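Just so we're clear, the structure is a prediction, and the values are computed from it rather than from any experiment. Chain letters run A, B, ... following the sequence lines, proteins first, then strands; residues in each count from 1. These numbers come from the heavy atoms of this one structure, side chains and all, not from hydrogens, waters or symmetry mates.
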Amino acid sequence: MSEFPRVSIATIGQYDGQVVRLSGWLYNLRRSGKIAFPILRDGTGFLQCVAVKAELAQDTFEAIRGLTQESSLTVIGKVRAESRAPGGFELDVQSVEIHQLVAEADPYPITPKDHGIDFLMDRRHLWLRSKRQFAIARIRHEVIRAVRDFFDNNGFTLVDTPVFTPAACEGTSTLFEVDYFEDEKVYLTQSGQLYNEANAMALGKVYCFGPTFRAEKSKTRRHLTEFWMVEPEMAYATLEDVKVLAEGLVLSIVDRVLDRRQEELKILERDVSRLESIKAPFNRMSYDAAVKILQSKGSEITWGTDFGNTDETLLTEEMDRPVLVDKYPTDIKAFYFQPDTDRPELALGVDVIAPEGYGEIIGGGQRIHDLNLLLKRLEEHQLPREAFDWYLDLRKFGTVPHGGFGMGIERTVSWMCGLNHLREAIAYPRMLYRTRP
RNA sequence: UCCUCGGUAGCUCAAUGGCAGAGCAUUCGGCUGUUAACCGAAGGGUUGUAGGUUCGAAUCCUACCCGGGGAGCCA
């Protein structure tokens with residue numbers, strides 16, 4: 001068997017006309033008395049094989065006929081261009097080696113038919129094998145690669161921030177307490193931002209990328225308890241610099257997914273034209289203007305409150321690209337936002353709201369660099385100064401205007417894939433009532 | 001935490017107070033180009049749990065368990 005080249009489905013077209021060896025799992029099987037069509041998947045794609053009874057040893061054909069879903073096998077066969085096949089190629093089976101035949105008495109539970117979300121989530125470890133989840137996983141990978149490439153190519157240094165943190169980065173959100181360290185309460189991180197600010201003063205432009213934990217009793221399609229976030233931070237940066245960076249990042253992700261993941265987008269039946277229309281410049285407006293637009297569209301929002309999910313959808317309903325909303329009331333933003341020079345009641349924060357109802361994918365802005373103002377804010381927010389001693393040092397030793405943002409990976413992946421729930425954008429989602437598998 | 005919807009065969013669902021059903025999956029048989037293949041047959045049920053109303057409950061009532069969607073909060 002070993003003399004034939006070992007190939008993967010993704011690149012099988014390079015072997016047209018050759019006999020090759022392909023290892024994978026049985027995705028589905030259609031058969032009649034004298035011909036069978038096993039569909040194999042190998043983690044790089046899906047391929048239909050053809051087994052004709054008249055051209056095979058009798059036991060080989062019977063073995064193929066008896067294959068059960070998700071049985072593992074290696075097939076030797078000849079690659080043939082086939083215009084009717086989705087990938088353009090088929091494999092004419094010559095022989096087969098079955099590694100494990102899934103028992104008929106205990107068949108693979110996820111059939112090609114419909115299943116409910118509860119059933120599928122309980123079997124997430126198997127659900128990942130299906131075509132749709134395969135496509136999402138590959139797009140997520142591409143999004144993350146695009147993010148890393150974007151920052152790496154623009155002079156940013158990756159500096160990872162800790163997951164165990166001694167205090168809240170932002171006073172509002174609830175934290176997961178970890179009872180382990182002696183004499184000290186420690187929490188799981190909800191943002192690497194404060195550390196990013198220190199790192200930016202050391203390395204200029206930095207980013208961190210890792211998991212984030214929020215102990216909010218959120219129970220919606222747009223929330224996870226554990227999610228991944230990328231957070232850049234730049235020294236000598238203003239709100240405008242942050243906006244330019246955010247726009248550039250989103251554009252590079254969209255371009256990359258469109259460039260390299262067309263096949264996956266097709267599997268997901270994503271309306272690609274909605275992604276192709278994502279071009280610079282993005283829409284830009286102030287919080288003031290956004291509130292007026294929302295009110296004119298019938299929202300009951302009043303100045304001084306934050307947007308709800310329905311407001312975000314309403315605001316972007318006629319837009320073909322994201323919108324950057326900036327200058328929010330200071331009261332609804334975290335303590336560290338730099339106030340606007342002309343109107344101190346406004347914070348120099350910016351959110352990027354994706355179209356098609358995907359909502360806020362980026363939140364950030366310019367940070368306070370003045371020591372006295374920061375001290376005042378800590379007091380106003382009733383935060384313990386001692387916990388922020390090191391953070392205050394950044395304003396004592398060569399402080400400069402700086403800023404950055406956080407982008408939610410799952411929300412971005414959801415948007416790229418056109419998902420209607422965040423839980424499919426991560427392999428093992430952690431939610432209020434879901435911690436297994 | 002609150003609001004709301006749901007739980008019936010392995011899966012997806014139907015049955016609205018009167019014999020618990022269909023499609024798919026599984027098993028057996030048929031079929032040489034299928035694309036969630038198709039055709040015929042068979043097996044498969046403590047209707048989430050506990051209690052109540054009723055001649056009679058999947059169906060009505062109460063409590064609990066489990067899950068979906070949404071609100072608030074956020075990325």
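In this structure, Glu90(A) reaches the bases: a heavy-atom distance under 4.0 Å links it to at least one base atom across the strands shown. Among the atoms of the strands shown, none is found under 4.0 Å from any heavy atom of Ile110(A). Residue contacts for Arg80(A): at a heavy-atom cut-off of 4.0 Å it reaches a base atom on one of the strands shown. Contacts of Leu422(A) with the nucleic acid, taken as non-hydrogen atoms under 4.0 Å apart, include base atoms. If you check every strand for non-hydrogen atoms under 4.0 Å, Arg132(A) touches nothing. In this structure, Gln48(A) reaches the bases: a heavy-atom distance under 4.0 Å links it to at least one base atom across the strands shown. Using a 4.0 Å heavy-atom cutoff across all strands shown, Phe37(A) reaches at least one base atom of the nucleic acid. Residue Gly33(A) is classed as a base contact, given a heavy-atom separation below 4.0 Å to a base.
The phosphate of G69(B) has OP1 or OP2 within less than 4.0 Å of a side-chain N or O from Arg423(A). Here Lys113(A) does not reach the OP1 or OP2 of C24(B): none of its side-chain N or O atoms lies under 4.0 Å away. Neither OP1 nor OP2 of C11(B) sits under 4.0 Å from any side-chain N or O of Arg123(A). Residue His115(A) places no side-chain N or O under 4.0 Å from the OP1 or OP2 atom of G10(B). For the pair Arg30(A) and A37(B), the criterion of a side-chain N or O lying under 4.0 Å from OP1 or OP2 is met. For Asn309(A), no side-chain nitrogen or oxygen approaches OP1 or OP2 of C73(B) to under 4.0 Å.
Note that Lys333(A) lies in the cation-pi zone of Tyr328(A), set by a 6.0 Å cut-off to the ring centre and a 45° limit from the axis.
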Query raised in the report: How is the base pairing of RNA chain B summarised as a dot-bracket string, given the Watson-Crick and G-U wobble criteria with both distances under 3.5 Å, [ ] for crossing and | for another strand?
Result: (((((((..((((....[..)))).(((((.......))))).....(((((..]....))))))))))))....
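If you check G69(B), A71(B), A37(B) against the side chain of His421(A), the one that comes closest is G69(B). Taking only side-chain atoms of Thr310(A), from C-beta outward, the nucleotide of A71(B), G68(B), U26(B) with the closest atom is A71(B). Distance from the side chain of Arg411(A) is smallest to A75(B) among A75(B), U35(B), U26(B). For Arg221(A), the side-chain atoms get nearest to G70(B) when compared with the rest of G68(B), A75(B), G70(B). When distances are taken from the side chain of His223(A) to each of C73(B), U32(B), G33(B), the shortest belongs to C73(B). The side chain of Lys219(A) has A71(B) as its nearest neighbour among A75(B), A37(B), A71(B). Side chain of Ala54(A), nearest nucleotide from A75(B), A71(B), U32(B): U32(B). Set against A25(B), G72(B), U12(B), the side chain of Phe119(A) has U12(B) as its closest nucleotide. Among the nucleotides A37(B), G67(B), A71(B), the one closest to any side-chain atom of Arg434(A) is G67(B). Taking every side-chain heavy atom of Asp114(A) into account, U12(B) is the closest of U12(B), G72(B), A75(B).
When each of Glu82(A) and Glu104(A) is assigned the nucleotide of RNA chain B bearing its nearest heavy atom, the one mapping closer to the 5' terminus is Glu104(A). Along RNA chain B, the nucleotide nearest to Lys333(A) and the one nearest to Val50(A) differ in position, and the one closer to the 5' end is contacted by Val50(A).
One C1' atom belongs to U46(B), the other to G51(B), and the distance between them is 16 Å to the nearest Å. Here, G56(B) and A20(B) have their P atoms 16 Å apart, quoted to the whole Å. Between U62(B) and G6(B), the two P atoms lie 14 Å apart (nearest whole Å). Rounded to whole Å, the separation between the C1' atoms of G45(B) and A75(B) comes to 46 Å. Comparing the same atom, P, in G7(B) and in A42(B) gives a spacing of 29 Å after rounding to whole Å. Comparing the same atom, C1', in U16(B) and in U8(B) gives a spacing of 14 Å after rounding to whole Å. Rounded to whole Å, the separation between the C1' atoms of U53(B) and G68(B) comes to 30 Å. Across the C1' atoms, U34(B) and C39(B) are found 14 Å apart, a figure rounded to whole Å.
Distance CG (Asp118(A)) to P (G69(B)): 10 Å, rounded to an integer number of Å. In this entry the distance linking OH of Tyr433(A) with P of G70(B) reads 15 Å, nearest Å. Separating the CG atom of Leu432(A) from the P atom of C2(B) is a distance of 12 Å, rounded to the nearest angstrom. Phe209(A) has its CZ atom 13 Å from the C1' atom of A75(B), to the nearest Å. In this structure, the CG atom of Asp122(A) is 10 Å from the P atom of U12(B), given to the nearest Å. Put simply, CZ on Arg65(A) is 14 Å from C1' on U34(B), counting in whole angstrom units. Counting to the nearest Å, the P atom of U35(B) and the CD1 atom of Ile39(A) are 10 Å from each other. What separates CG of Leu188(A) from P of C74(B) is a distance of 19 Å, to the nearest Å.
Counting distance only, with no hydrogens placed and no angle test, the side-chain atoms of Thr111(A) and the base atoms of C11(B) include no donor-acceptor pair under 3.5 Å.
Considering only residues two or more places apart in sequence or on other chains, Phe134(A) meets the ring pair (Phe, Tyr, Trp, His ring centres under 6.0 Å) condition with Phe46(A). In this structure, the ring pair (Phe, Tyr, Trp, His ring centres under 6.0 Å) partners of Phe164(A), at least two apart in sequence or on a different chain, are Phe181(A).
With ring centers used as reference points, Phe151(A) lies 6.0 Å or more from Phe209(A). With ring centers used as reference points, Tyr207(A) lies 6.0 Å or more from Phe150(A).
One finds no salt bridge joining Asp326(A) and Arg284(A) here, because no Lys/Arg side-chain nitrogen approaches an Asp/Glu carboxylate oxygen to under 4.0 Å. Look at Lys131(A) and Glu264(A) and you find no salt bridge, because none of the NZ, NE, NH1 or NH2 atoms lies under 4.0 Å from a carboxylate O. Salt-bridge annotation for Asp152(A) and Arg145(A): absent, with no side-chain N of the basic residue lying under 4.0 Å from a carboxylate O of the acidic one.
The number of heavy atoms from other shown groups lying within 6.0 Å of CD (Glu263(A)) does not exceed 12. More than 12 heavy atoms of other residues, nucleotides or ligands shown are found within 6.0 angstrom of CD on Glu317(A).
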Requested in this report: Just do the side chain to side chain contact (heavy atoms under 4.5 Å, CB included) check on Glu312(A) and Arg222(A) with the steps written out, would you?
Outcome: CA-CA 12 Å; Glu312(A) 289 179 353; Arg222(A) 298 148 91 132; 3.2 Å; yes
